[in-house]
Structures are given as structure tokens and as C-alpha cells.
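I have placed the structure first, in the form of C-alpha cells, so that the comments after it can refer back to it.
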Number of protein chains: 2
Amino acid sequence: MAIREQIQAALGTLPGAEKKVAHAFLANYPSIGLSTIAELAALAGTSAPTVLRFVARLGFESYPDFQRMLRADVQAQLMSPLERARSTGPLTDNPALKASFADIAANLEATAKAVSESEFEAACELLSDQKTACYILGGRFTDAIAAYMAAHLRIIRPNVRHFDGQTSTWRDQLLDVRPGDVAVLFDIRRYQSDLVRLGELLVERKARILLITDPWLSPIARSARVVLPCVVDANRTWDSSVAILALAEALIDRVSRAQSDAARARMQTLEDIHWNNPPGR
Amino acid sequence: MAIREQIQAALGTLPGAEKKVAHAFLANYPSIGLSTIAELAALAGTSAPTVLRFVARLGFESYPDFQRMLRADVQAQLMSPLERARSTGPLTDNPALKASFADIAANLEATAKAVSESEFEAACELLSDQKTACYILGGRFTDAIAAYMAAHLRIIRPNVRHFDGQTSTWRDQLLDVRPGDVAVLFDIRRYQSDLVRLGELLVERKARILLITDPWLSPIARSARVVLPCVVDANRTWDSSVAILALAEALIDRVSRAQSDAARARMQTLEDIHWNNPPGR
DNA sequence: GGGGTAGCGTAACAAAAATTACAGTATTGA
DNA sequence: TCAATACTGTAATTTTTGTTACGCTACCCC
């Protein structure tokens with residue numbers, strides 16, 4: 001947009017023929033400027049050298065130089081978030097994938113129905129409580145989702161820990177858990193006995209448990225403060241965890257939006273630090 | 001948008017060097033296409049005639065002809081309704097979950113369209129190749145999905161390794177990579193420089209790269225054998241990885257179904273062992 | 001009213017871009 | 001393993017494009 005503004009600002013000081021060029025350009029922004037000098041001159045009803053004098057007056061070294069700036073301009077506009085959403089529109093179709101994804105979409109819908117609003121809100125509240133620590137862990141496959149959630153939640157609030165996958169070290173990690181702490185457990189079908197046991201231990205330590213499970217409910221549900229069921233059945237060799245991830249993301253988003261302005265500023269700062277000091281160390 | 005659509009559709013049928021051109025173009029759409037052949041060729045790491053053959057294959061008379069279409073494309077997009085004023089939508093605290101899931105479902109649909117069938121098949125073929133090792137890794141957030149995929153793939157076939165999150169140990173792990181090995185990389189927006197670097201190292205070691213990225217394509221796309229784009233934009237604080245996970249699951253399912261009976265029997269045995277000797281002891 | 005200046009376009013020129021020809025190199029199938 | 005085919009890059013060629021030189025016209029100020 002910079003170029004357009006610049007031209008509009010200069011409009012008053014331009015000689016007649018060059019003003020015609022400016023008008024032609026603005027009326028056909030940006031495509032005509034990405035074309036050749038001859039075309040722009042023709043559209044403006046003037047000559048090539050006039051176009052050249054025009055861009056020179058704007059301070060550009062050459063016509064290609066002017067076009068470079070213009071391309072950058074266009075790029076910036078097309079890359080803005082909303083344009084992007086649109087430009088990702090219909091592309092080629094992949095029937096097999098589409099069918100597969102349709103099943104998953106059905107899972108999402110079913111999950112949305114299975115999770116009651118009050119439970120969802122209660123879950124968000126648990127996660128938003130910054131006075132206590134928050135422990136996150138999952139089972140054989142869902143541990144990855146636990147890690148994903150922890151990575152995000154850590155940015156939003158302090159005291160987030162992901163119980164790492166080594167079951168042997170769980171006991172040690174348990175020592176840090178204090179009454180009132182929040183524990184997020186992911187546990188779906190073929191409920192792992194060790195995970196269930198750990199749930200019991202957490203309850204003993206008076207942790208408040210947020211359980212994310214399937215509609216058949218892991219045994220942990222009995223002692224959980226909040227239970228969110230996800231539909232995982234997808235007619236596949238293995239269950240699908242997509243709905244679980246979607247729910248986790250929804251929680252993350254809801255919690256991050258609920259933050260105070262101060263907290264959001266801190267979050268932004270964290271992010272900036274992260275990207276300004278690229279990893280590699 | 002017609003042009004992007006057309007290129008995505010043709011991606012599978014393009015020869016290697018031309019595919020690199022397509023990737024470079026999509027990753028820098030539209031500005032690079034409005035520039036010169038030489039620049040596009042340089043960005044794609046190939047030669048001018050290849051670019052020319054690329055546009056010829058797409059059905060254009062000449063490069064200027066191609067640019068004319070592209071300009072029209074850009075013009076159409078920039079001139080469309082000014083819904084740009086609408087900045088990041090207000091947070092409706094009503095049925096948060098349903099609205100949220102609807103967005104995600106749209107992502108899934110868009111992803112199904114963005115992934116061409118032939119590319120998907122090519123990806124499955126890479127993953128099914130049991131003669132070589134398979135390395136899986138992801139970025140800051142996507143590493144969790146990499147772990148998830150590895151956990152499943154490990155059951156289906158031998159020689160699956162998840163590059164663990166410690167960037168400092170990557171170099172060591174690289175030593176094991178042999179020519180022809182398959183590397184699955186997850187890399188989405190805010191492409192991590194260290195991950196890109198690692199991609200280059202993998203290419204040097206002649207690994208075949210399967211890249212899962214967003215529609216703007218990580219720089220790694222230039223040297224990847226197969227590229228699968230996922231729509232991640234969800235009008236949230238962070239991008240959504242749901243489509244990525246869904247795609248990963250689709251790949252896993254497709255590969256597991258393609259196994260021979262013998263292999264499937266072995267798989268079943270593995271699973272039985274896992275559950276009959278429950279961990280936790 | 002005449003010298004001077006700024007604006008403009010035609011046409012020659014120079015630079016660059018696109019295109020083609022060709023030769024070397026993989027890849028595929030017999 | 002060999003032949004045939006497809007793919008790719010280098011280099012020469014042609015075309016297009018941007019740029020400059022120059023002369024004409026209109027206007028302003030002295």
C-alpha cells in the first residue's frame with residue numbers, strides 16, 4: 001500500500017502527462033504496474049519516456065526497481081491473514097483423502113455433541129488457575145498430544161510440566177505434586193493399567209484431575225474432577241486422535257483468550273524472544 | 001487462484017526439476033512469478049529453460065503469457081470484497097466448541113483438496129519401503145505429531161526412528177542416515193532455521209525427504225521428494241495442527257493396509273505382546 | 001516580444017529478457 | 001546390458017524492454 005499512498009501524496013505536484021500516468025496506475029492497481037512501460041503508457045494515453053520520468057520523480061532508480069517495490073507491496077497484501085484464508089480455497093481434489101477426512105469430521109461433530117458446555121468451561125477454569133501447578137500426561141499414543149498441549153500451555157501460564165514417557169520415572173515426578181494441583185490425563189481405549197494406577201496416586205495426593213478420554217470412559221473417570229469424552233472410532237487399524245487434538249487446541253485457545261492483557265503481553269514477549277534468538281545454540 | 005490450483009493439480013505429473021520450480025513458485029506466490037525467468041530459476045535452483053518448459057507444460061504460449069494470467073489472478077484477488085477491514089474476529093463466548101470445531105472441519109476439507117492424490121500415493125510408497133530406514137522429526141510444536149506418527153509406524157515396519165527434540169543431538173543422529181533413507185519432516189509457518197538446516201544436511205546425505213508443511217511451503221520443499229501441504233490457519237492465537245495429524249493418520253492407515261498378510265500378522269503379534277505383558281509391572 | 005525553461009513525444013540505442021538449439025546425463029524397458 | 005526415451009543444463013540467438021538523445025511546442029518571466 002505504501003506505493004499507492006506515495007503516489008496519491010505526489011499527485012498535486014505532477015505535470016499533466018505524468019498525472020495521467022498516475023491515474024491510470026491507480027485505477028488499474030496493481031496489475032498494470034507489473035506489466036511493461038509501453039502498456040502503462042498506452043493506457044495512460046501518453047508515451048514511454050513520460051512513464052519513466054514519472055517513476056524517476058517518485059524516487060525510483062529505474063523501472064525494474066519500481067516493479068520490485070510493487071511486487072513486494074502486492075506480496076505483503078496477499079499474505080495478510082485474511083487473504084491467505086481465501087487463497088487456500090478449492091484446489092485439486094483427492095477423493096481417498098476426502099473420504100478419510102469425512103469420517104474424521106464426523107468424529108469432530110460427535111465430539112462437539114458429547115462435550116457439555118459446562119464441563120468444557122470447568123476444564124478451562126482448571127487450566128487457567130495459575131496459582132497451582134499443572135501436570136500433563138498421556139498414554140502410549142496420546143502422550144504425543146499431551147506433549148503438544150504442554151508446549152502451548154507453557155507459553156500461556158507458568159508451572160506447566162509434561163510427565164515424560166518413561167513410566168519408571170513417574171514415581172519421582174510425583175513427589176512434586178501438591179494438593180490442589182491440576183493434572184491433565186489423556187487416556188483412551190485399551191486403558192493402560194499403569195496410567196490408571198498413576199491416576200489413583202494423583203488422587204491420593206489430592207490433585208484435581210482433568211480427564212480426556214473416549215466415550216467409554218477410562219476407569220480414571222471415577223475420580224476425575226472434569227471428564228471430556230472424545231470420539232475416536234474411525235474404522236481404522238488404530239483409533240483416531242484427531243478429535244482429541246482438536247479438543248486440546250480448543251482448550252488452549254479458550255484459555256489463552258481468557259488471559260488478562262498483562263498476561264498476553266508476557267506471552268507475546270516470550271514468543272518474540274523465541275524467534276529473535278533462533279535456536280541452534 | 002486458477003493458476004495455483006492448476007499447478008497443485010499438475011504437481012504429481014511433473015519431472016523433478018520442474019517440480020522444484022512449482023514449489024518455489026507456490027512458496028513465493030505471487031511475486032516471484034511476476035519477476036523474471038532467471039530469478040525464478042535461481043530460486044528453484046534450476047535453469048531458465050526448465051522454467052520455460054514448466055510453463056509450457058501448464059499450457060501457456062510463452063512466459064509473458066503466463067505472467068499475464070498471473071497478473072489477472074492477482075488483480076482479481078486484491079479487488080475482491082473489502083472484508084479485510086474485519087480483523088481478527090471477536091471472541092464469541094457462546095458455543096465456543098462448536099464454532100471452533102467447524103473451523104477445523106473447514107481446514108480438513110481444504111487440506112483434502114490441497115493434497116494431490118499422486119503426491120499422497122508417492123508419500124505412502126516412501127513410507128512403505130522397508131528396505132531403508134525411516135527418520136521422523138518435527139519443529140517446535142509439530143514434533144509431538146512426529147512422535148505420534150513414529151509410535152504408530154514403528155509397529156507397522158522396522159527401522160523407524162524419531163529424531164528427538166534436542167537439536168544439539170541431531171548431528172550425532174545424522175551419522176546413521178544412509179543414502180536412500182526416508183526422512184519425514186514436519187515444518188510449518190515460522191519455519192525453524194535449525195530444522196531447515198537439518199533438512200539440507202539430510203539432502204546432502206542423500207536421504208529422500210517427505211515434507212509435511214503448510215500451503216506456503218517451508219523452504220525445505222525445494223529439496224523434498226514429496227510435499228504434502230496442510231491448512232493450518234484457524235483464526236487463533238496459534239495455528240491448528242489438526243489437519244496435520246489427520247493427514248499423518250491417513251498416511252499411517254494407508255500404509256498399514258498396504259502391508260502383506262505376513263507383515264500384518266507380525267503386527268498383530270506385536271500388539272498382543274504389548275497388551276498381554278502390560279507395562280508398569 | 002524574445003530568451004529561457006519545463007513538458008512532451010519520436011526515434012535511435014543499449015540492456016535484458018525470453019527463446020531455441022544442442023549436447024550431456026540420467027532413467028526406463030527390453 | 002544395451003538401446004531408446006525423457007530430462008536437464010549450457011550457450012548462442014532472437015525478441016522485447018527499458019533507457020537515452022534530441023527536437024518540437026507551449027508557457028512564463030524579464
Side-chain angles (χ1 to χ4, degrees), chain A residues 3 7 10-25 28 30-71, chain B residues 3 7 10-25 28 30-71 118 121-122 125-126 129 131 179-180 203 206-208 222-226:
Chain A
I3 288 194
I7 291 177
L11 256 183
T13 71
L14 293 175
E18 289 178 38
K19 195 176 293 186
K20 281 163 68 180
V21 174
H23 283 147
F25 174 80
N28 297 75
S31 60
I32 192 64
L34 298 166
S35 173
T36 68
I37 289 186
E39 275 193 59
L40 176 50
L43 196 72
T46 175
S47 68
T50 298
V51 172
L52 222 39
R53 283 187 280 261
F54 167 71
V55 297
R57 197 183 302 266
L58 289 174
F60 296 99
E61 298 282 337
S62 65
Y63 197 72
D65 185 38
F66 166 74
Q67 288 188 314
R68 258 190 296 280
M69 297 292 178
L70 186 55
R71 281 200 301 269
Chain B
I3 288 195
I7 293 178
L11 253 185
T13 70
L14 292 175
E18 290 178 38
K19 195 179 289 188
K20 282 164 66 179
V21 175
H23 287 153
F25 174 81
N28 297 75
S31 60
I32 192 62
L34 298 167
S35 176
T36 69
I37 289 185
E39 274 192 59
L40 176 50
L43 197 71
T46 174
S47 68
T50 297
V51 172
L52 225 37
R53 283 186 281 262
F54 167 71
V55 297
R57 199 183 301 264
L58 290 174
F60 296 99
E61 298 282 335
S62 65
Y63 197 73
D65 185 37
F66 167 75
Q67 288 187 315
R68 258 190 297 280
M69 297 292 180
L70 186 55
R71 283 199 300 269
S118 53
E121 287 301 321
E125 213 151 299
L126 278 183
D129 183 356
K131 292 192 296 293
V203 170
K206 303 224 184 302
R208 292 176 293 170
R222 292 205 306 168
S223 37
R225 183 71 63 106
V226 178

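Chain A is the first sequence line, chain B the second, and so forth, proteins listed ahead of strands; every chain is numbered from 1.
The outermost nucleotides of DNA chain C lying under 4.0 Å from heavy atoms of chain A, listed 5' to 3', are C:dG7 to C:dT10.
Evaluation of the side-chain hydrogen bond (donor to acceptor under 3.5 Å, both in side chains) test over residues 60-69 of chain B, restricted to residues two or more places apart or in two chains, returns none. For the salt bridge (Lys or Arg N to Asp or Glu O under 4.0 Å) condition, no pair includes a residue of residues 41-52 of chain A, sequence neighbours left out. Screening residues 47-60 of chain B for salt bridge (Lys or Arg N to Asp or Glu O under 4.0 Å) gives B:E18-B:R57 as the qualifying pairs, with residues at least two apart or on separate chains. Pairs passing the ring-ring contact (aromatic ring centres under 6.0 Å, His included) check and including a residue from residues 35-59 of chain B, sequence neighbours excluded, do not occur. Under the side-chain hydrogen bond (donor to acceptor under 3.5 Å, both in side chains) criterion, the residue pairs touching residues 30-52 of chain A are A:S31-B:Q75, A:S35-A:E39, A:T46-A:T50, A:S47-A:T50, with sequence neighbours excluded.
With sequence neighbours excluded, the residues that form a ring pair (Phe, Tyr, Trp, His ring centres under 6.0 Å) with A:F25 are A:Y29, A:F66. Partners of B:K19 according to the side chain to side chain donor-acceptor pair (under 3.5 Å) rule, which considers only residues two or more places apart in sequence or in another chain, are B:E119. Judged as a salt bridge (Lys or Arg N to Asp or Glu O under 4.0 Å), and not counting sequence neighbours, the contacts of B:R208 are B:D129. By the salt bridge (Lys or Arg N to Asp or Glu O under 4.0 Å) test, B:E121 is found to be paired with B:R254, residues two or more places apart in sequence or in another chain being considered.
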Listed pairs, N/O of protein and of nucleotides 7-10 of chain D, under 3.5 Å:
from: D:dT8; atom 1: OP1; to: B:G16; atom 2: N; distance (Å): 3.3
from: D:dT8; atom 1: OP1; to: B:A17; atom 2: N; distance (Å): 2.5
from: D:dG9; atom 1: OP2; to: B:T46; atom 2: OG1; distance (Å): 2.6
from: D:dG9; atom 1: OP2; to: B:S47; atom 2: OG; distance (Å): 3.3
from: D:dG9; atom 1: OP2; to: B:T50; atom 2: OG1; distance (Å): 2.8
from: D:dG9; atom 1: N7; to: B:R53; atom 2: NH2; distance (Å): 3.1
from: D:dG9; atom 1: O6; to: B:R53; atom 2: NH1; distance (Å): 3.4

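Here B:L52 lies in heavy-atom contact (under 4.0 Å) with a base.
Against DNA chain D, the stretch residues 61-71 of chain A makes heavy-atom approaches under 4.0 Å through A:S62, A:Y63, A:P64.
Protein atom NZ of B:K19 is 15 Å distant from nucleotide atom C1' of D:dA6, rounded to whole Å.
Between the side chain of B:R222 and the backbone N or O of B:L43, at least one donor-acceptor pair lies under 3.5 Å.
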